[in-house]
Amino acid sequence: MIRVRFAPSPTGALHIGGARTWLYARNQGGKFILRIEDTDRERSTSEANQAIFHGLEWLGIDWDEGPNAGGDFGPYFQTQRLDIYKKHIEQLLSEGKAYYCFCTPFELKKKREEAAARKEAPRYDGKCRKLPEEEIKKLKDSGKPYVIRFLLPPVGETIVHDKIRGDVVFKNELLDDFVIMKSDGFPTYNFACVVDDHLMEITHVLRGDDHLSNTPRQILLYQAFGWKAPKFAHLPMILGNDKARLSKRHGATSVIDYSGIGYLPEAMLNYIARLGWASGDQEVFSREELIQKFSLKGVSKNAAIFGTDKLNWLNGKYIRKILPERLIDLCEPLLIEAYGNHDVEYIKKVVLAFHDRLVLIPEIVPLSKFFFVDDLSYDPTAMEKYFKNENSKKILKELKDKLGKLEPFTKANIEAVFKGLAKEQGRKLGEIIHPCRLALTGTLQSPPMYDVVEILGKDRVLQRLGKTLLIK
Ligand code: GLU
């Protein structure tokens with residue numbers, strides 16, 4: 001049984017890559033585990049935590065184990081596992097595979113600068129590797145802050161067998177005696193991640209390839225503990241259109257923000273899945289298809305750029321597919337907020353008139369304004385063309401007379417009036433529709449004319465046509 005985990009840190013980064021990890025777990029019929037890596041006490045916040053949960057829930061990404069889901073391998077917050085890490089740190093210390101380091105941040109900074117001046121890669125010089133027991137005890141008793149470092153095998157190389165990138169070789173001498181426990185007593189990411197992935201019986205680690213350079217360190221830790229390492233797959237990073245890591249600068253800090261902007265979760269999931277992954281040239285996938293087709297074979301090695309053009313296009317496609325009731329539920333509160341309470345049936349009709357036109361849900365507000373506000377501002381060029389021209393005026397006058405007598409005021413009857421008038425006067429339908437559209441909506445673009453006339457209703461239509469006839 002495959003066990004895959006998504007291990008976000010609640011630090012305000014935009015975690016969208018987890019969707020691909022989830023797809024992999026579901027595709028393989030495995031378990032998906034959510035683990036919150038909150039050991040960075042300065043940067044972790046409970047808001048960011050909530051945003052992770054809400055974002056995953058919104059996308060429909062469910063987890064088999066983790067916060068709120070339970071599981072046999074908890075707790076699933078790293079800050080609740082400190083005693084576990086401590087025990088494992090002690091194990092490495094007692095086996096001589098880790099050591100206390102009392103070097104101060106100031107000293108380390110100085111050494112790094114000196115190394116840089118010599119044009120050498122900055123690495124820890126091993127000063128505290130061989131501190132005598134009594135010295136360690138004395139320093140600890142005196143309250144001097146310390147970290148615990150992993151004693152790295154100084155020679156040889158570590159190979160990451162990556163399912164996407166193939167074998168990546170790292171020379172051990174270029175890796176450092178890295179810190180595994182910080183001076184605040186919290187484990188570092190590399191250490192906690194290895195202990196947890198092992199204890200949680202994770203079989204496959206899928207994560208962004210910004211972590212590739214951490215993986216040899218993690219493999220060395222597995223070796224030090226005598227544990228079998230999981231399989232690794234480093235997925236291409238998802239970057240903003242300026243090629244930088246996705247962050248607040250790119251407009252959203254959490255997936256859930258995209259719901260507020262007006263995206264549908266299915267469009268977002270489809271979009272994220274396709275970032276750096278392809279299955280032929282298919283673009284639109286149902287959730288079931290994504291699960292069925294997602295595979296590491298289709299994952300590219302190159303970073304993917306998160307951009308809104310394609311996301312918008314997909315969102316439009318998904319809006320066309322959703323049920324009318326769902327569209328109404330999404331739009332109704334926005335319309336009430338913008339234009340106050342209106343008859344529910346009227347709102348429903350208005351929303352449905354735009355089902356084929358919306359790209360983002362909130363666009364309903366400006367697009368449908370003419371349905372709620374009588375005081376229209378007309379497009380000036382169009383106004384010149386249609387309202388200051390005797391021919392159009394004549395047409396609008398006749399249209400008004402005919403619609404005024406129309407009973408019942410239904411779409412089929414309205415259509416018959418327009419067509420009858422065109423025939424009677426030997427005109428093209430457009431000659432009637434364009435000025436009428438301008439009179440009723442203020443613009444030359446709207447949902448189909450007969451729908452607009454029917455929804456607005458006889459009174460409003462006559463009143464708006466009448467008003468335009470008075471324009472000099
Ligand atoms: N907490 C790490 C992050 O958010 C997880 C990396 C990993 O999956 O190992 O980047």
Side-chain angles (χ1 to χ4, degrees), residues 2-25 30-53 55-56 61 63 65-67 73 75-82 85 160-165 168 178-180 182 186-222 227 229-239 244-248 253-255 272 276 296 299 303-304 306:
I2 278 186
R3 291 176 56 83
V4 181
R5 89 301 193 271
F6 175 45
S9 301
T11 54
L14 185 65
H15 295 286
I16 58 176
R20 302 182 297 194
T21 314
W22 176 79
L23 283 172
Y24 182 72
K31 290 264 184 266
F32 181 69
I33 294 119
L34 177 64
R35 180 173 78 225
I36 302 295
E37 301 206 326
D38 53 352
T39 56
D40 184 340
R41 301 317 295 146
E42 270 164 37
R43 293 171 59 230
S44 301
T45 65
S46 61
E47 294 75 43
N49 237 332
Q50 290 310 318
I52 291 170
F53 300 145
L56 293 174
I61 292 183
W63 52 99
E65 291 171 29
F73 299 85
Y76 293 91
F77 286 90
Q78 287 192 327
T79 44
Q80 294 171 16
R81 301 173 62 81
L82 297 182
Y85 307 128
V160 178
H161 302 289
D162 187 82
K163 285 177 90 65
I164 293 166
R165 308 193 150 256
V168 189
F178 58 92
V179 175
I180 52 179
K182 297 175 275 185
F186 281 76
T188 56
Y189 154 69
N190 275 319
F191 186 78
C193 178
V194 166
V195 171
D196 289 348
D197 283 343
H198 172 72
L199 295 179
M200 294 180 181
E201 298 181 9
I202 299 303
T203 59
H204 292 68
V205 166
L206 271 65
R207 59 184 166 214
D209 63 14
D210 51 329
H211 284 289
L212 184 61
S213 62
N214 284 318
T215 308
R217 296 183 173 90
Q218 297 188 6
I219 290 176
L220 288 166
L221 281 169
Y222 281 102
W227 295 337
K231 295 200 163 43
F232 293 100
H234 290 88
L235 298 156
M237 289 288 287
I238 300 173
L239 305 175
R245 279 182 89 109
L246 274 188
S247 70
K248 212 186 260 180
T253 47
S254 122
V255 178
I272 298 172
L296 295 181
V299 172
F306 187 97

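All values reported here derive from a predicted model rather than from experimental measurement. Whatever order the structure lists them in is the order used to number ligands and atoms, beginning at 1.
Remark: among candidates His211, Gln78, Arg207, the nearest residue to atom 3 (C) of ligand 1 is His211, based on non-hydrogen atoms. Relative to atom 8 (O) of ligand 1, the option among Arg5, His234, Gln218 with the closest non-hydrogen atom is Arg5.
Tyr24 and His204 have tilted rings, their planes meeting at an angle from 30° to 60° on a 0 to 90° scale.
At most 12 non-hydrogen atoms from other residues, nucleotides or ligands lie less than 6.0 angstrom from NZ of Lys231.
Ligand 1 has no atom lying under 4.0 Å from any heavy atom of Phe6.
Of all protein heavy atoms, the one lying nearest to atom 5 (C) of ligand 1 is Ala7 O, 3.1 Å. Nearest protein heavy-atom contact of atom 1 (N) of ligand 1 is Glu37 OE1, 2.6 Å. The protein non-hydrogen atom at the shortest distance from atom 9 (O) of ligand 1 is Tyr189 OH, 2.6 Å.
Nearest approach of Ile61 to Phe32, heavy atoms of both residues: CG2-CE2, 3.8 Å.
Between the side chains of Thr79 and Arg41, no donor-acceptor pair is found at a separation under 3.5 Å.
Residue Tyr189 forms a side chain to side chain donor-acceptor pair (under 3.5 Å) with just one option from Gln218, Arg217, Glu37, Gln78, and that option is Gln218.
At a heavy-atom cutoff of 4.0 Å, ligand 1 is contacted by the side chain of Cys193 but not by its backbone.
Between Ile33 and Phe73, every side-chain heavy-atom pair lies at or beyond the 4.5 Å cut-off.
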